[in-house]
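Each remark here refers to the structure printed beneath this line.
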Amino acid sequence: MDLCSNGLMNSKARLMVPAVTLLVPVAIALAKRKTSTVVGVLCGVALFGSWFGAYSITAWGYAI
């Protein structure tokens with residue numbers, strides 16, 4: 001719903017909250033991996049989250 005919307009929605013981030021429950025199996029799978037794999041995945045997620053946050057603030061006028 002969030003990715004395919006063509007109108008202005010002020011609370012797009014709120015629509016992504018249910019996706020967190022889909023990440024529980026990923027967290028369980030990462031718990032069984034080596035530490036270097038976990039660190040790599042978490043660094044990638046942190047970089048993507050930082051980029052998306054910066055993009056949201058600069059590109060969406062109603063993000064704040």
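Counting begins at 1 with the first residue of the sequence.
Residues forming a side chain to side chain contact (heavy atoms under 4.5 Å, CB included) with Ile28 (at least two apart in sequence, or on another chain): Val24, Lys32. Val45 is linked by a side chain to side chain contact (heavy atoms under 4.5 Å, CB included) to Val41, counting only residues two or more places apart in sequence or in another chain.
One finds the CG atom of Leu30 at 10.0 Å from the CG atom of Leu23 (value rounded to the nearest 0.5 Å).
Looking only at distances, a side-chain donor or acceptor of Ser50 sits under 3.5 Å from a matching main-chain atom of Ala46.
Residue pairs meeting the ring pair (Phe, Tyr, Trp, His ring centres under 6.0 Å) criterion with at least one partner in residues 25-45, sequence neighbours excluded, are absent. The ring pair (Phe, Tyr, Trp, His ring centres under 6.0 Å) contacts involving residues 17-37 comprise nothing, where partners must be two or more places apart or lie in separate chains. Listed by first and then second residue, the ring pair (Phe, Tyr, Trp, His ring centres under 6.0 Å) pairs involving residues 18-48 are Phe48-Trp51 (not counting sequence neighbours).
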